[in-house]
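Accompanying notes for the structure given below.
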Amino acid sequence: MYRKLPKELTQMSLEQEVLDFWDRENIFIRSLEINSKFPRFNFFEGPPTANGKPGVHHVISRTIKDIVCRYKAMTGYYVERKGGWDSHGLPVEIGVEKQLGLSNKREILDYGVGNFNKHCKDSVFTYLKEWEFITRRIGFWLDLENAYITYQPYYIQSIWWIIAQFFNAGLVYKGHKVLPYCARCGTGLSDHAVALGYQDTEDPSIYVSMKLKSPLPGETEIPENTYFLVWTTTPWTLLSNLALAVHKDYEYLLVEINSRNLLIVKERADAVLGEGNYRILMEFKGLELKDLDYEPLFDFVESDKRSHYVLLADYVTTDDGTGIVHIAPAFGKEDYEVGKRCDLPMLQLVDEQGNISPEATPFAGKWFKDADPEIVKDLENRGLVFKVGTMVHSYPFCWRCESPLIQYARSGWYIRTTAFKDEMIRENDRIKWYPPQIGSGRFGEWLRNNVDWAISRERFWGTPLNIWICDDCGKTHAIESFAQLREMSIEPVPEDFNPHKPDVDYIKLKCPKCGGQMTRTPEVIDCWFDSGSMPFAQYGYPFGISEEEFMKKFPADFIAEGVDQTRGWFYTLLAISTFLKGVSSYKTCVSIELILDKNGRKMSKSKDNVADPFKVIERFGADPLRWYFLTTSQPWLPTRFDEDGVNETLRKFLDTLRNIYNFFALYADIDGFIPDGKVPNKLDNVMDRWLVSRFNTLIAQYREWMDDYQMTRAARGIQNFVIDELSNWYIRRNRRRYWGSGLYEDKLVAYKVLWQALITVCELMAPIAPITPELLWRELTKSGREKWGDSVHFRQIVKPNYNLVDEQLEMQMEYVIKLVELGRLARNIAKLNVRQPLSQLIGIVPEGTELSQALVDVVKEELNIKSILFSQNEKLIYKYSAQPNFKTLGNRYKSEMNHVKELIESMTSDEVCRGMENGDWSIMLDDHPESLAEEDLVIKVTPKTEFTVTSDKGITVAINTKITPELRAEGLARETVNRIQNTRKEAGLEVTERIELALVTMDEELRNSIEMHKKEIANETLATKLHIEPLENPLYMREWLLGQVKLQIMLNKIDS
RNA sequence: GGCCCAGUAGCUCAGUUGGUUAGAGCGCAUGCCUGAUAAGCAUGAGGUCGAUAGUUCGAUUCUAUCCUGGGCCA
């Protein structure tokens, strides 16, 4: 028995059944065992952090990963799928800070780092249940039991080893870097965090004069009363000013204004000084201003390095300001770079808490922002302010405490990634990116502008940086294993020590150089280093795994994550493995774009437009959601998410597929069809040949697309096949073949073909939406469990059999469908429904496109037409008439014109046609022939009265609408059959049940028609007895109206 | 400000060497079909293929510039 899957069985419960089956029967693990002999296809799971709930974007990236892994497993690969969890980092710490009510680093220290980290560790898996639930629920096969977790000691040991490799290669150094910094929180912010906090704000906008101390270009005397005009919105940085920058190519002016001489870039002079307010004295190229000295605004600190002179910098613009940029290397990324390049000293007159340093005596101890007005006032008193005002601009604030961020130079540990930048670029070129512009564009750009990686964080919950420094001689050493740590430790290290802060900080080492005591540097490692190390650390490399074993699992053939990982995981993976192994750790990378709401806006909590995947799955199911994501647009395009679309996928695609199955099950059950998995090589039925050809073509296309990661195309291909070709054409056209009784040859073949088509669809679908096809497939293969195996996911997807592909037939079928469409249109226009048979259809088609008899029969049946004729001769359906062209003939015939008109209009269709062939339309005007040419006539073409004509794309179809009494009788008989079938359905009869039937009508024509087609009617409706008198006590009775005519239908069941 | 992606029907999206009349689904209206159908078919309304210029016999497609939206960076 094939099980029926009625509508009452919801997608939800159907899926649950399959998921339980997978669990119960251990299907995932068994699929791995089955494939274990195959070559490996390596997949790396990018570890999510489970301290937040998974969202729809996680569902799509997990779906993509699952699809590729399943597809590879079903095409001859062993695909290990080790899960992983990220566990360290600031997001976790922030969560815990909130939970504990702590608001800065000081309070964490007071609370105790040990306790704090314990909370962090516990909170990492706050939403583990949700993650595990959704992973399982969407059918993502991932080995969660053996998942790596970045806080595990073996994982940390691996990271230490990697850091030690960098260190021993001389690529780890301590240095300065300017980064966005929140003085209140005492921490630098990642770029991502900065982007969260931009707000429009009002800041001072001041123009300051800085006095020139060198002769102008081409002169020898130091000019009096001459100043550089400089613009800034952060007056507090002026305390730490060390230089000015100009652009070498710009034109600069020396102007006189208010009896003072100012230098300013030409393009900004009007805007800043006011048009006509100034007099130009001299002009210079920026290049000429290089090295000029000026007087410092403040002289709090003396330096032995040269400072306070003019530099060149390309980032100087003329968009705002004066074209002369003030440089404070401690407070700007670009300033810092310039400072380093030009060997400027370092001056940082704001401390880590954001207060002005004691050296800047008049302002000392003030919060940097509060110092602004006083600094401006001080400069004004000294006559150095040219103009002061305010401006509104977008400025970053700390997204947690809302303090304004500053650019702040901090010292920290760096990895010199720039040392192997070229190798990374080379390796990037070998990665296959989807879409390709990520690799060449965003990621390539990022690599070309590579700067050294700041790997240290002055935080608490992370992998501790494994560098120890000698308290006496300053020697640094990177520990490369727990064994080495024990070896070098002064005190014994317990077996189960916790390699986190603060425990690890208490471990002191003996200095190998001077024998002194070494103390660990207090920082932790950037958590991106954790995840970027996963190809190695997930196996504890090099400790827990042999080199040979490891190289089998490295590199990944495929990874996929959100596009936001470009500068995150995608980069850290590449950087670490390029250094360690000289190659990228992934060969193919699919970058997945954002999920937007249905209006194309980014989903965000504040807009309340975030789709909850749990709810969507509960309403529609996981397969509809997966299928929807994939078919609605390419994964690497931003996708608009609309629940209605998920619903549509369910109704249109998955329900249709289920109905196809139900149709098959209904009849295959009746006939006891048992599949043997073979389709005859020679198929007599043209529809069978066509369907087999189509699904073999589909298999070929599907494999080609999937191999190229064109999953959207593959899914759309399947969908079109199922809905349009299998359901709406093949099955609709072939229904009758399954109706008769007994399992005769043609029917058996029909079952085999349909079964094979369904099996194929299930197999092709299985990687994309794995749940529903599993259920259908298992039902279809129920009779041969041993032979077919337990799960569709154990199967290898079939290869196309090109011998069964008949391209010509596929093209001809498209033609058939076109003809049918045109025929239906003609029927519509003529208001003749399909139940009314018609005598003739004439197709005017291009030469060489005639169809085989079998296909002609398809058209005949579909359109209910007795005969079909193909021809190139339009005269068969059109009649032609001519009218005079008064323009050419009027002048010629003048008063005879009326007569000529009559003669022309009386030409028969044949005469007009003959003229069209030989170009001569002679008329007899008063007994003498007059020769007319084409331009003398206007020829009209109209269908002959008995035809209704439609045409499209070079094909013309004409149906003969003349209905003979015989045709009418047949039509009435078919109407009658239709009403009987509806009656049967209403009466709740099974399709196989036989009946006794009575058809009662007062209308003579209808009665005659019934008499005439009694046999056919009885046959179609499984009536063993047919009366035209009423039954005595019918089981069911119903009166119908055929047009104006009443028909009474009565029926009884007959027990067999 | 720079780079990337997108812009095609009311909505979601197809549309590959440049070539008759630019397609599908959803939604709306009308008719048809239904012994698998929460289905299907047909018709109608709905398109300056973001704009302009160029290349070409011919551009939704190629080139340039611009506009709008999104993303990344500064």
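First the proteins, then the strands, lettered A, B, ... as listed; each starts at 1.
One C1' atom belongs to B:A39, the other to B:C57, and the distance between them is 48 Å to the nearest Å. B:G23 and B:A14 have their C1' atoms separated by 7 Å, with the value rounded to a whole Å. One P atom belongs to B:U16, the other to B:C62, and the distance between them is 10 Å to the nearest Å. Between B:U48 and B:C4, the two C1' atoms lie 28 Å apart (nearest whole Å). For the C1' atoms, the distance linking B:C28 with B:A9 amounts to 13 Å, nearest Å. The same atom, P, is picked in B:A6 and in B:A45; the two are 32 Å apart, to the nearest Å. Spacing between B:A64 and B:G18 at atom P, rounded to whole Å, works out to 16 Å. B:A53 and B:A59 have their P atoms separated by 12 Å, given to the nearest Å.
The interatomic distance linking A:Q565 (CD) with B:G71 (P) rounds to 17 Å, in whole Å. Per the geometry, CG belonging to A:L758 stands 16 Å off P belonging to B:U37, to the nearest Å. Distance CD1 (A:I438) to P (B:C73): 12 Å, rounded to an integer number of Å. In this structure, OH of A:Y751 is placed 12 Å from P of B:A36, rounded to the nearest angstrom. The separation between A:R827 atom CZ and B:C33 atom P is 9 Å, rounded to whole Å. Atom CG of A:N720 and atom C1' of B:C13 are 12 Å apart (whole Å). Computed from coordinates, the A:E725 CD to B:G40 P distance equals 16 Å when rounded to whole Å. Taking atom CD of A:Q719 as the reference point, atom C1' of B:U12 lies 13 Å away to the nearest angstrom.
Among the heavy atoms of the strands lying under 4.0 Å from A:S727 is at least one base atom, whether or not backbone atoms are also near. A:N978 comes within contact range of the sugar-phosphate backbone alone, with a heavy-atom separation under 4.0 Å but no base atom that close. A:L637 comes within 4.0 angstrom of the backbone, heavy atoms only, and of no base.
Pairing of B:U52, defined by two Watson-Crick or G-U wobble distances under 3.5 Å, is identified with B:A64. When Watson-Crick and G-U wobble pairs are counted only if both distances are under 3.5 Å, B:A29 pairs with B:U43. Across all strands shown, B:G58 has no partner, as no Watson-Crick or G-U wobble contact with both distances under 3.5 Å is found. If you check B:A22 for Watson-Crick or wobble pairing at under 3.5 angstrom, you find it has no partner at all. When both distances must be under 3.5 Å, the Watson-Crick or G-U wobble mate of B:A14 does not exist. Under the Watson-Crick and G-U wobble criteria, each requiring two contacts below 3.5 Å, nucleotide B:G69 is paired to B:C5.
Comparing B:C4, B:A6, B:A38 by their nearest atom to the side chain of A:Q437 picks out B:C4. In the set B:G25, B:C41, B:C73, the nucleotide with an atom closest to the side chain of A:R567 is B:C73. In this structure, of B:A14, B:U12, B:A39, it is B:A39 that holds the atom nearest to the side chain of A:R651. Nearest nucleotide to the A:E593 side chain, out of B:A38, B:A14, B:G71: B:G71. Listed candidates were B:A36, B:C13, B:G71. Nearest to the side chain of A:Y667 is B:A36. Taking every side-chain heavy atom of A:R732 into account, B:A36 is the closest of B:A14, B:A36, B:G15.
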Requested in this report: Go through the steps for A:T572 and A:W453 under the test side chain to side chain contact (heavy atoms under 4.5 Å, CB included), then give the verdict.
Outcome: CA-CA 9 Å; A:T572 59; A:W453 181 0; 3.5 Å; yes
Requested in this report: Go through the steps for A:D688 and A:K752 under the test salt bridge (charged side-chain N to carboxylate O under 4.0 Å, His left out), then give the verdict.
Outcome: CA-CA 10 Å; A:D688 291 348; A:K752 287 184 171 191; over 6 Å; no
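Side-chain N/O atoms of A:Y738 and A:D671 include no donor and acceptor closer than 3.5 Å. Between the side chains of A:R974 and A:N864, at least one donor N or O lies within less than 3.5 Å of an accepting N or O.
The nearest pair of heavy atoms linking A:H57 to A:I60 is O-CG2, 3.2 Å.
Ranked by how close their nearest RNA chain B nucleotide is to the 5' end, A:E445 and A:R442 are led by A:E445. Comparing A:N659 and A:I723 by the nucleotide of RNA chain B whose heavy atom lies nearest to each, the residue mapping closer to the 5' end is A:N659.
Taking only side-chain nitrogens and oxygens, A:R713 comes nearer than 4.0 Å to OP1 or OP2 of B:G15. OP1 or OP2 of B:A36 has at least one side-chain nitrogen or oxygen of A:R735 nearer than 4.0 Å.
Here the OH-OH distance, from A:Y2 to A:Y661, works out to 8.0 Å after rounding to the nearest 0.5 Å. Between atom CG of residue A:D708 and atom OH of residue A:Y434 there is a gap of 4.0 Å, rounded to the nearest 0.5 Å.
Of the options A:I865, A:V816, A:V957, a side-chain contact (heavy atoms from CB on, under 4.5 Å) to A:V859 is made by A:V816 and by none of the others.
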